[in-house]
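Chain letters run A, B, ... following the sequence lines, proteins first and then strands; every chain starts at 1.
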2 protein chains.
Amino acid sequence: MSKPSFDRPIILGIVGDSAAGKTTLSRGIAEILGPQRCTLICTDDYHRYDRRERAANGVSALDPAGNYVDILEQHLHLLRQGQPILKPIYNHDQGTLDRPEYIEPKEFVVAEGLLGYATRAMRDCYDVKIYLDPEEELRVRWKVHRDTSKRGYTAEQVLESLKKREYDSPTFIRPQRLFADIVIRFQRPPGANSSAGAPETDHRLDVAHILRPTLPHPNFSRLIEAVGDGSVGFELTRDEGKPVDVLEIRGSISDRRAERVEEYLWEHIPEASHLRDDLGRYDGAAGRAVSHPLALTQLLVAFHMVKAAQGVHAV
Amino acid sequence: MSKPSFDRPIILGIVGDSAAGKTTLSRGIAEILGPQRCTLICTDDYHRYDRRERAANGVSALDPAGNYVDILEQHLHLLRQGQPILKPIYNHDQGTLDRPEYIEPKEFVVAEGLLGYATRAMRDCYDVKIYLDPEEELRVRWKVHRDTSKRGYTAEQVLESLKKREYDSPTFIRPQRLFADIVIRFQRPPGANSSAGAPETDHRLDVAHILRPTLPHPNFSRLIEAVGDGSVGFELTRDEGKPVDVLEIRGSISDRRAERVEEYLWEHIPEASHLRDDLGRYDGAAGRAVSHPLALTQLLVAFHMVKAAQGVHAV
């Protein structure tokens, strides 16, 4: 095996509740960075108990006590050092703990899951930390849609499982929101009536990025001027009592203006132009029903990954 | 979880070919050191392929290429640092790779298996390295006995499997002998005819310890004088072309003289007297058909573990 051409991998965390959109975001970012350069792992594989055992002992899969949190810390730390891991596997279909999987970190590692920021030792491993916090009604709809169409549950079973998590979510998942560099919130446009929000109109959703001053964000004030029509907003406010900027991108943004945002972002990392040619291109303009807010969100996160890589990989 | 009262675990390696006596020695040493203070792991659990896959790809389970050698290195290193591991499991009955097992290192870790000294990174993790090298005829007899009585094979199948390993053993296992601090060789007494060596006479076997000058061995010359009757021998010679001492203990040693050897060893670690009271006692004198060479071998290895612990744990 040849020595990798980078000093250590750049680690992206994507945390959020069930069906918050973690996998969609992970895959989109890997597509931009180049799948051949990305290792995706799921931190939900570190369950201490299989489904049968949980039924017997009553420990929730969302409770850190029901997970090998220390091993997850260790594995994130090893990946950050560029070392391989033998990652456990939780089989979501069968509810069993299966044969572990050998994982070697590539240039970028995307670690998504429910409990990625549960401890300080974990949080210290990431270069970029994202928390997905969609409007709750959307999340419920996404969960019902996914679990009935892909996981073989009935809508009633999904709603029942959400009910069961009414304690776990605010207790174990939600507090991690505080530790993200960027909180990403997909939401329906103001004034949309509550029946709006069927899957076929997801591309119309607005997105808000709550930007904590823990990353070198681009100067969005100038971007707003460049876009000009209010389809991108930028505002200083407080979140959880602390100063943040909020970047808003409307689902109604035009193709042309979305491209202008993309250009603006790349101008901020001219050192990465060689990478850019190589990267999956933002194809917001190409398709019907493409969500500009989603595509630009993916690009913004990828932007921070490339920025982080420049600090580390350009030695 | 309370912080352990020791700085880092002391790691013992026990390597040798199949049925060389690794498990017997590991358990005996754990018994002396106190099972509550010992973590036993088997390095044969790191197979990359299950039995079905090996049948298809032809990679031997004894070939380092068929094992996650880098993960084994990593896990030994983590254990040495006192960190837990999520150890893979190879199910010898089914030939499958199963759900991994959470292991926390106690004060002493005994790692036994076929490939424990395969790489420098592994070898650097041990405080004491043992290689078991019994007389080959004995090992074949032990293997047939174990695999037919405990693993459900016929004698023909066992001999067939030994034949298959005629390449693997000298290629992958045997070269590790060179890296041991102590090579332990059980053998039949000189002049015993070749039909001797049924299981019921194993307690009569002699043992030779080939002592490389890589550990602080006690001064055995004075022990020989103390024992006096030639049932313990000590000789300077060469092994694999390099200087070694060879300690020999005859199967015919008397109970009284065996006890004298035990006393002599403990006199060399007076600092450990508080440990000694706590340790499992050498019960060579108690039973019928007890092997003094085996019991004293266990004690000698335990002696080195306690010595190593004194350097590390007495802070």
S.K.: To the nearest 0.5 Å, how far apart are NE2 in A:H77 and CD in B:Q83?
M.R.: 7.5 Å

S.K.: In plain terms, say whether A:E53 and B:R99 are close enough for a salt bridge, that is, a side-chain N and a carboxylate O under 4.0 Å apart.
M.R.: yes

S.K.: Please look at A:I71 and chain B and tell me whether the side chain, the backbone, both or neither of the residue comes under 4.5 angstrom of a heavy atom of that chain.
M.R.: side chain

S.K.: Is it the case that atom CZ in B:R27 sees more than 12 heavy atoms from other parts of the structure closer than 6.0 Å?
M.R.: no

S.K.: Rounded at 0.5 Å granularity, tell me how far CD in A:E101 sits from CG in B:L97.
M.R.: 13.0 Å

S.K.: Please check: side-chain N/O of A:Q74 versus main-chain N/O of B:P84, any donor-acceptor pairing under 3.5 Å?
M.R.: yes

S.K.: Heavy atoms only: give me the nearest A:D98-B:P100 pair and the separation to one decimal.
M.R.: O-CD, 3.7 Å

S.K.: Quick one: what part of A:I89 sits under 4.5 Å from any heavy atom of chain B, side chain, backbone, both or neither?
M.R.: neither

S.K.: Kindly compute the distance separating CG (B:D70) from OH (A:Y102), expressed to the nearest 0.5 Å.
M.R.: 3.5 Å

